[in-house]
Peer 1: 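Sending over a structure as structure tokens; questions will come in a sec.
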Amino acid sequence: TRSTRPKRLLRAVQKNATRGDPLSVISAIDHFCRHSEWAMNVGDEKGSILDSVVSELNPNTSLELGTYCGYSTVRIARLLPPGARLITLEFNPDYAAVARQVISWAGVQDKVELVEGPSGDLIPQMKERFGVETFDFVFLDHWKDRYLPDTNLLEECGLLRKGAVLLADNVICPGTPEYLAYIRNSPRYESRYFQSHLEYTKVEDGLEKSVFLG
Ligand SMILES: Cc1ncnc2c1ncn2[C@@H]1O[C@H](/C=C/CNC(=O)c2cc(-c3ccc(F)cc3)cc(O)c2O)[C@@H](O)[C@H]1O
Ligand SMILES: [Mg+2]
């Protein structure tokens with residue numbers, strides 16, 4: 001079957017990372033993206049901002065929109081306390097298949113539930129089908145024009161608790177103008193921009209951290 005970039009990324013993980021060692025999986029992917037083929041993982045620079053937000057929050061229930069190859073899934077899951085869980089949504093079955101293998105190579109599969117399907121259909125099912133009360137943390141990294149509709153959906157479904165944190169990737173590059181305008185002007189959120197760079201490049205990008213005030 002035709003080799004794809006995600007499959008080549010997975011092979012690099014299986015070749016260079018140690019099973020059960022999430023940090024070695026993260027560095028194997030970063031090395032592959034720096035020295036072989038660029039890929040749209042959040043990367044090491046923005047990834048360390050993601051790490052600090054997750055570590056400070058210690059979320060019990062987290063949601064990731066857009067799994068891709070599972071890089072940020074592993075970054076988040078390795079920091080979660082015992083019993084905590086991360087639900088990650090991915091509608092491309094080929095990407096999901098690669099991500100499942102990256103996640104299990106890292107040994108964090110017990111903390112992760114990868115659900116295949118479009119976020120717009122799955123978010124309204126979170127309570128009944130997945131037993132979620134509310135999310136403590138949401139990482140947005142899927143199609144950029146879905147950030148705002150999915151945020152509104154999370155609000156409408158009562159899935160954000162007071163103090164829940166939304167962390168959005170790529171608010172500069174490729175950019176999420178509608179989402180930024182909404183979240184920065186809404187009285188229901190307290191937002192802060194973390195300046196950084198587009199993964200593996202010198203181009204400016206950043207993460208927007210927004211606390212839901214209820
Ligand atoms: C509604 C729905 N439901 C479920 N899964 C969904 C979904 N919408 C998308 N997905 C999934 O999520 C990932 C998509 C990620 C989109 N990310 C980017 O486009 C992206 C692009 C760049 C970039 C920057 C400069 C360039 F020159 C080129 C690319 C950097 C990034 O960091 C990105 O995240 C991908 O795995 C897709 O299948
Ligand atoms: Mg991204």
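The structure presented is a predicted model; accordingly, all values stated were derived computationally and were not measured. Atom set for the values below is all heavy atoms of this structure, side chains included, hydrogens, waters and symmetry mates excluded. Whatever order the structure lists them in is the order used to number ligands and atoms, beginning at 1.
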Peer 1: Check each atom of ligand 1 against the heavy atoms of Gly117 and keep those under 4.0 Å away; list them by number with element.
Peer 2: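 Those qualifying, in numeric order: 3 (N), 4 (C).
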Peer 1: Any idea how His35 and His31 line up, ring-wise: parallel (<30°), tilted (30 to 60°), or perpendicular (>60°)?
Peer 2: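 Judged by the thresholds at 30° and 60°, the geometry between His35 and His31 is tilted.
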Peer 1: Is Glu133 atom CD crowded by more than 12 heavy atoms from other residues, nucleotides or ligands, each under 6.0 Å away?
Peer 2: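 Counting other residues, nucleotides and ligands, CD of Glu133 stays at 12 neighbours or fewer.
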Peer 1: Provide, to 0.1 Å, the distance between atom 33 (C) of ligand 1 and the closest protein heavy atom, together with that atom's residue and name.
Peer 2: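 The answer is Asn170 OD1, 3.2 Å.
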Peer 1: Do Ser72 and Glu64 have side-chain atoms, one donor and one acceptor, less than 3.5 Å apart?
Peer 2: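 There is such a pair (donor and acceptor under 3.5 Å, judged by atom type) between the side chains of Ser72 and Glu64.
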Peer 1: Between Phe212 and Tyr189, what is the ring plane arrangement, given parallel below 30°, perpendicular above 60°, and tilted in between?
Peer 2: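 If you compare the ring of Phe212 with that of Tyr189, the planes turn out tilted.
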Peer 1: Suppose I only count heavy atoms of Asp169 and a 4.0 Å limit; which atoms of ligand 1 are within that range?
Peer 2: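 So the answer, numbered in order with elements, is 32 (O).
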Peer 1: Without hydrogens or angle criteria, can the side chains of Gln109 and Ser104 be said to hold a donor-acceptor pair below 3.5 Å?
Peer 2: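 No pair is found: no donor N or O on one side chain lies under 3.5 Å from an acceptor on the other.
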Peer 1: Can you check which of Glu90, Lys46, Lys144 brings a heavy atom nearest to atom 19 (O) of ligand 1?
Peer 2: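 That would be Lys144.
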Peer 1: For ligand 1, which part of Asp205 has a heavy atom less than 4.0 Å away: the side chain, the backbone, both, or neither?
Peer 2: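 None of Asp205 does.
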Peer 1: Hey, is the Mg ion (ligand 2) within less than 2.8 Å of some N/O/S atom on Asn170?
Peer 2: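 Asn170 does place an N, O or S atom closer than 2.8 Å to the Mg ion (ligand 2).
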Peer 1: What do you get for the angle at the Mg ion (ligand 2) between OD2 on Asp169 and OD1 on Asp141, to the nearest 10 degrees?
Peer 2: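 Here the angle at the metal atom is close to 90°, to 10°.
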Peer 1: I'd like to know whether Glu178 forms a salt bridge (charged side-chain N to carboxylate O under 4.0 Å, His left out) with Lys144, so could you lay out the CA-CA distance, the side-chain angles of the two residues, the decisive distance to 0.1 Å, and finally the verdict.
Peer 2: CA-CA 9 Å; Glu178 299 83 8; Lys144 307 315 160 194; over 6 Å; no
Peer 1: Quick test: of every protein heavy atom, which one is nearest to atom 24 (C) of ligand 1, and how far off is it to 0.1 Å?
Peer 2: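 Here the closest protein heavy atom is Leu198 CD1, 3.5 Å.
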Peer 1: Of Tyr147, Trp143, Tyr200, which has the heavy atom at the shortest distance from atom 9 (C) of ligand 1?
Peer 2: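 Going through Tyr147, Trp143, Tyr200 one by one, Trp143 has the nearest heavy atom to atom 9 (C) of ligand 1.
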Peer 1: Looking only at side chains, do Tyr68 and Asn92 share a donor and an acceptor under 3.5 Å apart?
Peer 2: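 No pair is found: no donor N or O on one side chain lies under 3.5 Å from an acceptor on the other.
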Peer 1: Can you confirm whether Leu166 sits close enough to Leu160 that some side-chain heavy atom of one is under 4.5 Å from a side-chain heavy atom of the other?
Peer 2: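 Contact flag for Leu166/Leu160 side chains = yes.
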Peer 1: So, is Arg146 polar-close to ligand 1, with some N/O to N/O distance under 3.5 Å?
Peer 2: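 For ligand 1, there is no N or O atom that lies under 3.5 Å from one belonging to Arg146.
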Peer 1: Linking I/L/V/M/F/W/Y whenever their side-chain heavy atoms sit closer than 4.5 Å, directly or via other members, would Met126 and Val165 fall into one cluster?
Peer 2: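 Different clusters: Met126 never reaches Val165 through Ile, Leu, Val, Met, Phe, Trp or Tyr contacts under 4.5 Å.
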Peer 1: Report yes if the distance between the aromatic ring centroids of His142 and Phe91 is under 6.0 Å, otherwise no.
Peer 2: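 No; Phe91 has its ring centre 6.0 Å or more from that of His142.
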Peer 1: Can you list the ligand 1 atoms lying under 4.0 Å from a non-hydrogen atom of Asn92?
Peer 2: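 What qualifies from ligand 1 is 38 (O).
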Peer 1: Are Tyr200 and Asp30 close enough that a side-chain donor and a side-chain acceptor fall under 3.5 Å?
Peer 2: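 Indeed, the side chains of Tyr200 and Asp30 share at least one donor-acceptor pair under 3.5 Å.
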Peer 1: Please indicate whether any nitrogen or oxygen in Trp38 is less than 3.5 Å from any nitrogen or oxygen in ligand 1.
Peer 2: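 The answer is no, given that Trp38 and ligand 1 share no N or O pair closer than 3.5 Å.
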Peer 1: Quick one: does atom 7 (C) of ligand 1 have a protein heavy atom under 4.0 Å from it?
Peer 2: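 Answer yes: something from the protein, a heavy atom, is under 4.0 Å.
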Peer 1: Give the residue and atom name of whichever protein heavy atom lies nearest to atom 30 (C) of ligand 1, and the separation in Å to one decimal.
Peer 2: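 Checking every protein heavy atom, the shortest distance to atom 30 (C) of ligand 1 gives Glu199 OE2, 3.2 Å.
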Peer 1: Tell me whether the count of non-hydrogen atoms from other residues, nucleotides or ligands lying under 6.0 Å of CZ in Arg19 goes above 12.
Peer 2: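 Atom CZ in Arg19 is not crowded, with 12 or fewer foreign heavy atoms closer than 6.0 Å.
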Peer 1: Measure Leu65 to ligand 1 on non-hydrogen atoms and call it side chain, backbone, both or neither using the 4.0 Å cut-off.
Peer 2: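 It is neither part, as no heavy atom is under 4.0 Å.
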Peer 1: Quick test: of every protein heavy atom, which one is nearest to atom 5 (N) of ligand 1, and how far off is it to 0.1 Å?
Peer 2: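 The protein heavy atom lying closest is Phe91 N, 3.2 Å.
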Peer 1: For ligand 1, is Cys69 a contact, meaning one of its heavy atoms is under 4.0 Å away?
Peer 2: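 No, Cys69 has no heavy atoms under 4.0 Å from ligand 1.
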Peer 1: Between atom CD of Glu116 and atom CZ of Arg100, what is the distance when rounded to the nearest 0.5 Å?
Peer 2: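 Rounded to the nearest 0.5 Å, the CD-CZ separation comes out at 5.0 Å.
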Peer 1: Would you say Asp205's side chain and Cys173's backbone share a donor-acceptor pair under 3.5 angstrom?
Peer 2: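 The answer is yes, because a donor-acceptor pair under 3.5 Å joins these two groups.
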Peer 1: Any side-chain donor-acceptor pair under 3.5 Å between Arg8 and Ser3?
Peer 2: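 A pair is found: one side chain offers a donor N or O, the other an acceptor, under 3.5 Å apart.
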Peer 1: Based purely on interatomic distance, does Thr67 place a nitrogen or oxygen under 3.5 Å from a nitrogen or oxygen of ligand 1?
Peer 2: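 Looking only at distances, the answer is no, because the N/O contact criterion of under 3.5 Å is not met.
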Peer 1: Quick check: does Ser119 get an N/O under 3.5 Å from an N/O on ligand 1?
Peer 2: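 For ligand 1, there is an N or O atom that lies under 3.5 Å from one belonging to Ser119.
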Peer 1: Starting from atom 21 (C) of ligand 1, which protein heavy atom do you reach first, and at what distance in Å?
Peer 2: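 Minimum-distance protein heavy atom for atom 21 (C) of ligand 1 reads Pro174 CG, 3.6 Å.
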Peer 1: Please identify which atoms of ligand 1 are closer than 4.0 Å to at least one heavy atom of Tyr68.
Peer 2: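 Answer, ordered by atom number: 36 (O).
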Peer 1: Provide, to 0.1 Å, the distance between atom 12 (O) of ligand 1 and the closest protein heavy atom, together with that atom's residue and name.
Peer 2: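 Nearest neighbour among protein heavy atoms for atom 12 (O) of ligand 1, to 0.1 Å: Gly66 CA, 3.3 Å.
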Peer 1: May I ask you to list the atoms of ligand 1 that are less than 4.0 angstrom from any heavy atom of Pro118?
Peer 2: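 Close to Pro118: 3 (N).
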Peer 1: Can you sort out which atoms of ligand 1 are near Tyr95, meaning under 4.0 Å from one of its heavy atoms?
Peer 2: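 Ligand 1 atoms under the 4.0 Å threshold to Tyr95: 35 (C), 36 (O), 38 (O).
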Peer 1: Cys173: heavy atom below 4.0 Å from ligand 1, yes or no?
Peer 2: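 It does; at least one heavy atom falls under 4.0 Å.
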Peer 1: For atom 15 (C) of ligand 1, what's the nearest protein heavy-atom neighbour? Residue, atom name and distance, please.
Peer 2: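 Of every protein heavy atom, Asp141 O, 3.4 Å lies nearest to atom 15 (C) of ligand 1.
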